[in-house]
Amino acid sequence: LIPLFLRFSLVGRLESLIYASSCAVGATALYHNFCLPGSKPRKSSNLHNLTSLSERKLTTMSLTLDEVSHRVTWDDQGKHDQIVPVQELSLHEGRLYWPGADDDGFGFALSPYAMGQACQKLGMPSAYFARCPTSLQDPQFNHWRSVERKERQKAGGDGEERWTLRAKNSTIRGVLSARYEKLDNHQLLEALVPALIGSDYQVKLFNLTDETFHLRLIDPRMSRLALPGDPLMVAIHVANSEIGLRAVTIDACVYRQVCS
């Protein structure tokens, strides 16, 4: 279960952001309504521009929060974690092995992101390593994981003795510190959904990949007209990564319909 302090923290932040968003919507609508007739309203640099280039790649879907929860639960199938001493790891033909890793003896593939994380932790340039054939990757990986901690640190690695390996089925999706504090997507939803019960928030955007989770919620009730046919709405954007690509964030936003 998600710790109570985390649940209270997320719910409290959600409530404060709802208030902040509603204030921003009112202030922005007031600004637009006082523009000179015929003038083109300028964008405020203090508001979240929800149509940035990176976010345009996200997928807009008509889903309910229950459907989002079901998709996250389905995505959790096959996920598992292992904490393994670094010196027990070995790479053979591009696949990762350690004692008791699996029952079939085929080891684990590494996603490109996980391989980059492993290289960084060992002090190897990930771009160079990715260009090497497996015949060169294997001995380089096995050399640097076997040397003493101080030697790995001198090479630019973190020198940690144990890694958390986050896997899905037979693929390593993340290589992290044994001290890494995990917050999975389903735990985030477990904290957020109860705070939204009874509200009119709708899912405007949902995107779930092997690396990141994005959820944008809007409340059509809490809106103001900036111009005729140009409503501004309270919005909340939640983002997370289970493999250390980004920190969990909950942002208050002003959603502009004409920009969608």
Side-chain angles (χ1 to χ4, degrees), residues 2 6-29 31-32 41 43-76 182-227 229-260:
I2 188 168
L6 179 58
R7 183 187 299 274
F8 292 145
S9 174
L10 290 173
V11 171
R13 175 156 176 75
L14 181 64
E15 292 172 346
S16 64
L17 289 177
I18 290 173
Y19 175 76
S21 296
S22 61
C23 292
V25 164
T28 309
Y31 163 77
H32 280 281
K43 293 182 180 179
S44 170
S45 60
N46 295 325
L47 299 177
H48 289 267
N49 178 9
L50 298 186
T51 55
S52 64
L53 290 176
S54 60
E55 290 188 332
R56 286 173 189 165
K57 299 177 182 178
L58 302 181
T59 305
T60 301
M61 294 184 175
S62 297
L63 298 173
T64 65
L65 274 174
D66 284 341
E67 289 171 327
V68 168
S69 296
H70 288 319
R71 292 193 180 210
V72 169
T73 300
W74 181 84
D75 184 67
D76 280 345
K182 298 173 287 188
L183 178 62
D184 291 336
N185 297 327
H186 73 88
Q187 292 178 300
L188 185 57
L189 286 176
E190 286 173 7
L192 291 176
V193 170
L196 298 173
I197 293 177
S199 71
D200 290 326
Y201 273 90
Q202 301 174 1
V203 177
K204 191 61 181 177
L205 178 147
F206 171 65
N207 185 263
L208 180 62
T209 70
D210 293 336
E211 297 176 352
T212 58
F213 165 87
H214 288 270
L215 176 65
R216 185 178 302 157
L217 305 167
I218 64 169
D219 188 347
R221 282 189 322 165
M222 303 175 68
S223 64
R224 298 287 188 277
L225 283 177
L227 295 170
D230 184 9
L232 303 172
M233 286 174 274
V234 167
I236 298 167
H237 191 100
V238 183
N240 186 39
S241 173
E242 295 182 336
I243 57 172
L245 180 62
R246 58 169 299 138
V248 60
T249 57
I250 307 177
D251 295 317
C253 308
V254 175
Y255 181 81
R256 190 173 184 184
Q257 187 71 37
V258 297
C259 294
S260 62

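Just the heavy atoms: all of them, side chains too, but no hydrogens, waters or symmetry mates, feed the values below.
- Contact of the Leu189 side chain with the Phe213 side chain is registered, since non-hydrogen atoms from C-beta on lie closer than 4.5 Å.
- Residues satisfying the salt bridge (charged side-chain N to carboxylate O under 4.0 Å, His left out) test with Asp75, not counting sequence neighbours, are Lys79, Lys168.
- In this structure, the side chains of Phe206 and Arg71 come closer than 4.5 Å at one or more pairs of heavy atoms.
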Checking Val68 against Leu208 for the side chain to side chain contact (heavy atoms under 4.5 Å, CB included) test, could you report, in this order, the C-alpha distance in whole Å, the side-chain angles of both residues, the deciding distance, and whether it holds? CA-CA 10 Å; Val68 168; Leu208 180 62; over 6 Å; no
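- Closest approach of Asp184 to Asn240, counting heavy atoms only: C-ND2, 3.9 Å.
- Atoms NE2 and CG, from His237 and Asp251 in turn, are 7.5 Å apart once rounded to the nearest 0.5 Å.
- When all heavy atoms of Ile236 and Ile250 are compared, the closest pair comes out as CG2-CG2, 3.8 Å.
- Proximity of Leu215 to Leu188: side-chain heavy atoms (C-beta onward) are nowhere separated by under 4.5 Å.
- Val193 approaches Ser69 most closely through the heavy-atom pair CG2-OG, 4.3 Å.
- Partners of Ser199 by side-chain contact (heavy atoms from CB on, under 4.5 Å), not counting sequence neighbours, listed by chain and number: Leu196, Tyr201.
- Distance check, rounded to the nearest 0.5 Å: CG of Leu65 to CG of Leu217 gives 5.5 Å.
- Closest approach of His214 to Arg246, counting heavy atoms only: CE1-NH1, 3.8 Å.
- The closest side-chain heavy-atom distance from Glu242 to Asp76 is below 4.5 Å.
- Looking only at side-chain heavy atoms (C-beta outward), Thr64 and Val203 stay at 4.5 Å or farther from each other.
- When all heavy atoms are compared, the tightest approach of Gly244 to Ser241 is N-OG, 3.6 Å.
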